[in-house]
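Read the structure below first, then the notes.
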Amino acid sequence: MSPLFPALVARAERPALRFGDRTLTHAELADAAGSLAARIAGARRIAVWATPTLGTAVAVVAALLAGVPVVPVNPRSGERELAHVVADSAPELVVTEPGVVLPPALAALDRVDVVDIVDVEAGGAPAAVASGASGPSVLFPEHAPESPALIVYTSGTTGPPKGAVLPRRALTATLDALEDAWRWTADDVLVHALPLFHVHGLILGILGPLRRGGSVRHLGRFDIEGVTRELSSGATMLFGVPTMYHRIAEALPGDPALAEALSGARLLVSGSAALPVHDHRRIAAATGRRVIERYGMTETLMNTSVRADGEPRAGTVGVPLRGVGLRLVDESGDTIEAYDGETVGEIQVRGANLFTEYLNRPDATEAAFTDGWFRTGDMAIRDPDGYVRIVGRKATDLIKSGGYKIGAGEIENVLLEHPGVREAAVTGEPDADLGERIVAWIVPARVEAPPSAEELADHVAAQLAAHKRPRTVRYLDALPRNDMGKIMKRALHG
Ligand code: MCA
Ligand code: AMP
């Protein structure tokens, strides 16, 4: 069986990871992750406190070397969301950067700090090397392709997030299909600032460069200056969500250094939500470079992309990746054969890139598939040459804000628990920066003293996650309901 990270096994002396002023070569990463892997080997499942730091990347690589399934945890998780993730995934221990004060739900677990990196950087030899072992290839043989690698939590329309179990073969299938589509090589240097508890930032943005034997420079947090600096000093690729490209498009007219940096990039890739054509055009006009879009999902990893050698067409997500079966299905369940640029159907996919199941949720897993095809819930048309255009989504109760998928029901439940709230409904409204903005419609318990918008936002952030907080709150006397008492969300608009 071939290794997940050949450059680690080969102990390449090229840079692998850079976070701020902390850098590891593939050989150093092999040592740091190898010795951490020895400490966690045999665990049934672990959590990683997924701050955007070198330690998170080392911890995830260590878990993959040891064959221990890993749950990356959003370090901004609110109390209720964290309690759910911990109870549902039942990790045996938590790996974190040293010095982190963990919230109670995780503090109760055994804790392993990623301390070996410090040893490596100080020039000392971590345990695995000091004892004469020659690296993780010796210590850690490759694991079965079907064995779980990562469990990534993702929101649905209602209920708490579900853990998508991603096997090793899904990781290799998707990353190798992207190698093909993007001509991705060991010479590529990726720059990004995505969070490390989702597929985009972690699997594509960290594991992708490591599998190719190339490198990644993580900015810690997104800013234009960091993008400019890295793309002007050797980085070749940029990954981002549309909000980041929107902010780039806004900055370009007054920032010639940014324009020059982007024009020198080999590949600018956007994903996680649709990049508006207006932003595509502004970036192309200012830089001469076209952003390419790829389309994926936590459960399926990557499905389609505009190819590096293909025509970059704004408003499309390109063609199915190598090994991905994709069909459009109409409302009666019939497959749409037409490539006519107008017949709309649900995207259904199959292939080695797919997850195996939702953890502890056989009901949800079964409901997600039809005849072996995964129902994405995304609606699309196909151009005559096969380019896919996403035109909408089946569930109106799923909101994409800043590239994060957020379920309206989850937020409504938390709002209803606030003593100042009698009724609540949550919708997404178009937002130039975030794509969609979370709007809470509130009937206060006491009309004369409604809870403030800030109080409600803080309440949601403290229970669920900061990115799930309402950005706008609107107050009503009553929510519009049909004869059955069901809230009519379509009647709610600002
Ligand atoms: C603000 N903050 C708060 C509150 N208000 N914290 C607690 N309580 C509050 N009431 C904090 C935030 O945590 C954050 O802290 C800061 O204030 C700003 O937050 P926010 O305004 O939310 O940030 P933003 O400017 O809206 O963020 C934009 C962003 C972000 C950077 C583009 O949305 C982002 O990183 N998106 C990436 C999403 C992603 O990776 N999706 C992939 C999943 P601080 O400043 O300290 O951070 S989709 C996927 O994986 C599939 C497979 C795919 O296809 O890719
Ligand atoms: P998540 O469940 O957070 O992994 O998000 C997956 C969803 O993001 C998909 O089902 C799509 O709705 C959306 N998505 C991802 N990439 C794109 C893209 N390039 N264009 C439009 N929507 C996208």
Side-chain angles (χ1 to χ4, degrees), residues 50-52 72 74-78 150 152-157 161-162 164 166 170 174 192-205 219-223 239-248 269-277 280 291-306 314-318 346-347 349 353 355 368 374-380 388-395 398-407 431 433-438 452-471:
T51 49
N74 175 0
R76 286 189 183 279
S77 298
L150 284 153
V152 178
Y153 278 81
T154 181
S155 288
T157 51
K162 301 188 286 286
L166 298 165
T174 227
H192 78 87
L194 293 155
L196 300 187
F197 47 87
H198 277 308
V199 165
H200 195 169
L202 182 61
I203 298 184
L204 271 57
L219 298 176
R221 60 182 306 147
F222 178 78
D223 67 37
F239 289 178
V241 292
T243 300
M244 296 171 180
Y245 284 103
H246 174 78
R247 292 178 186 179
I248 286 172
V269 186
S270 175
S272 301
L275 181 63
V277 171
H280 268 288
V291 177
I292 66 168
E293 284 194 70
R294 95 293 180 288
Y295 157 65
M297 202 169 170
T298 302
E299 292 89 333
T300 66
L301 305 185
M302 295 303 116
N303 296 311
T304 72
S305 182
V306 172
T316 88
V317 293
E346 183 191 13
I347 301 177
V349 291
N353 52 310
F355 75 140
F374 177 76
R375 310 170 201 254
T376 65
D378 292 308
M379 307 301 290
V388 176
R389 291 176 189 268
I390 296 175
V391 296
R393 158 174 76 225
K394 265 191 161 170
L398 279 181
I399 300 164
K400 265 271 162 166
S401 187
Y404 287 111
K405 184 190 266 182
I406 300 159
D431 184 280
D433 182 48
L434 295 170
E436 285 183 287
R437 169 179 65 243
I438 296 173
S452 72
E454 195 190 349
E455 190 179 336
L456 295 175
D458 288 347
H459 173 66
V460 173
Q463 290 300 316
L464 297 179
H467 64 264
K468 296 184 178 176
R469 72 190 190 278
R471 309 273 175 149

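Every number for a ligand or one of its atoms is a count from 1 in the order of the listing.
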Original post:
Where's the contact between Ala274 and ligand 2, heavy-atom distance under 4.0 Å: side chain, backbone, both or neither?
Top reply: both

Original post:
Using a heavy-atom cut-off of under 4.0 Å, does the side chain or the backbone of Lys405 touch ligand 1, or both, or neither?
Top reply: neither

Subject >> Contact bool for atom 48 (S) of ligand 1 (protein heavy atom, d < 4.0 Å) >> reply: yes

Original post:
Considering only heavy atoms of Gly296, which atoms of ligand 1 have at least one such atom less than 4.0 Å away?
Top reply: 54 (O)

Original post:
Can you list the ligand 1 atoms lying under 4.0 Å from a non-hydrogen atom of Thr298?
Top reply: 52 (C)

Original post:
For atom 50 (O) of ligand 1, which of His192, His459, His200 has the closest heavy atom?
Top reply: His200

Original post:
Starting from atom 46 (O) of ligand 1, which protein heavy atom do you reach first, and at what distance in Å?
Top reply: Arg76 NH2, 2.4 Å

Subject >> 4.0 Å heavy-atom contact, His467 with ligand 1 >> reply: no

Subject >> Any Arg471 heavy atom less than 4.0 Å to ligand 1 >> reply: yes

Subject >> Heavy-atom pair with the smallest gap, counting every atom of Ala395 and Thr157 >> reply: CB-CG2, 3.6 Å

Original post:
Using the ring of each side chain (for Trp, its six-membered ring), is His467 parallel, tilted or perpendicular to Phe197, with breaks at 30° and 60°?
Top reply: parallel

Subject >> Atom indices of ligand 2 within 4.0 angstrom of Thr154 heavy atoms, with elements >> reply: 2 (O)

**OP:** Would you tell me which option among Lys400, Glu293, Met244, Arg247 has the nearest heavy-atom contact to atom 24 (P) of ligand 1?
**Re:** Arg247

Original post:
What pair of heavy atoms forms the shortest contact from Leu275 to His280, and how long is it?
Top reply: O-CD2, 3.4 Å

**OP:** Run down the list Gly435, Ser272, Gly205 and name the one with the heavy atom closest to atom 55 (O) of ligand 1.
**Re:** Ser272

**OP:** Please state which part of Leu194 comes within less than 4.0 Å of ligand 1, counting heavy atoms only: side chain, backbone, both or neither.
**Re:** side chain

Subject >> Closest protein heavy atom to atom 33 (O) of ligand 1, given as residue, atom name and distance to 0.1 Å >> reply: Gly402 O, 3.4 Å

Original post:
Are the side chain of Asn353 and the backbone of Met302 linked by a donor-acceptor contact shorter than 3.5 Å?
Top reply: yes

Original post:
Considering only heavy atoms, which of His198, Lys400, Met297, Glu293 lies nearest to atom 5 (O) of ligand 2?
Top reply: Lys400

Original post:
atom 45 (O) of ligand 1: which protein heavy atom is closest, and how many Å away?
Top reply: Arg221 NH2, 2.7 Å

Original post:
Is the closest heavy atom of Gly201 to ligand 1 under 4.0 Å?
Top reply: no

Subject >> Among Pro242, Ser272, Ala380, closest by any non-hydrogen atom to atom 13 (C) of ligand 2 >> reply: Ser272

Subject >> Heavy-atom protein neighbour under 4.0 angstrom from atom 42 (C) of ligand 1 >> reply: yes

Original post:
Looking at Asp378, Thr300, Thr304, which hits side chain to side chain donor-acceptor pair (under 3.5 Å) with Tyr295?
Top reply: Asp378

Original post:
N/O to N/O below 3.5 Å, does that happen between Ser270 and ligand 2?
Top reply: no

Original post:
At what distance is the nearest protein heavy atom to atom 6 (N) of ligand 1, and which residue and atom is it?
Top reply: Ala466 CB, 3.7 Å

Subject >> Ligand-residue contact atoms, ligand 1 with Met297, heavy atoms, under 4.0 Å >> reply: 52 (C)

Original post:
At under 4.0 Å between heavy atoms, which part of Ile390 makes contact with ligand 2: side chain, backbone, both or neither?
Top reply: side chain

Subject >> Ligand-residue contact atoms, ligand 2 with Val317, heavy atoms, under 4.0 Å >> reply: 18 (C), 19 (N), 20 (N)

Original post:
Does at least one non-hydrogen atom of Glu454 fall below 4.0 angstrom from an atom of ligand 1?
Top reply: no

**OP:** Might you check, step by step, whether the distance between atom 28 (C) of ligand 1 and some protein heavy atom is under 4.0 Å?
**Re:** yes

Subject >> Nearest neighbour of atom 18 (C) of ligand 2 from the list Ala273, Gly156, Ala164, on a heavy-atom basis >> reply: Ala273

**OP:** Give yes if a backbone or side-chain nitrogen or oxygen of Arg393 is under 3.5 Å from a nitrogen or oxygen of ligand 2, and no if not.
**Re:** no

Original post:
Does Glu293 offer a backbone N or O that forms a donor-acceptor pair with the side chain of Ser270 under 3.5 Å?
Top reply: no

Original post:
Is there a heavy atom of Leu434 sitting under 4.0 angstrom from any atom of ligand 1?
Top reply: yes

**OP:** Identify, for atom 10 (N) of ligand 1, the protein heavy atom at the shortest distance, and state residue, atom and that distance.
**Re:** Asp458 OD1, 2.8 Å

**OP:** Mark the output for Phe222 as yes if a heavy-atom distance to ligand 1 is under 4.0 Å, and as no if none is.
**Re:** no

Subject >> Any protein heavy atom nearer than 4.0 Å to atom 17 (O) of ligand 1 >> reply: no

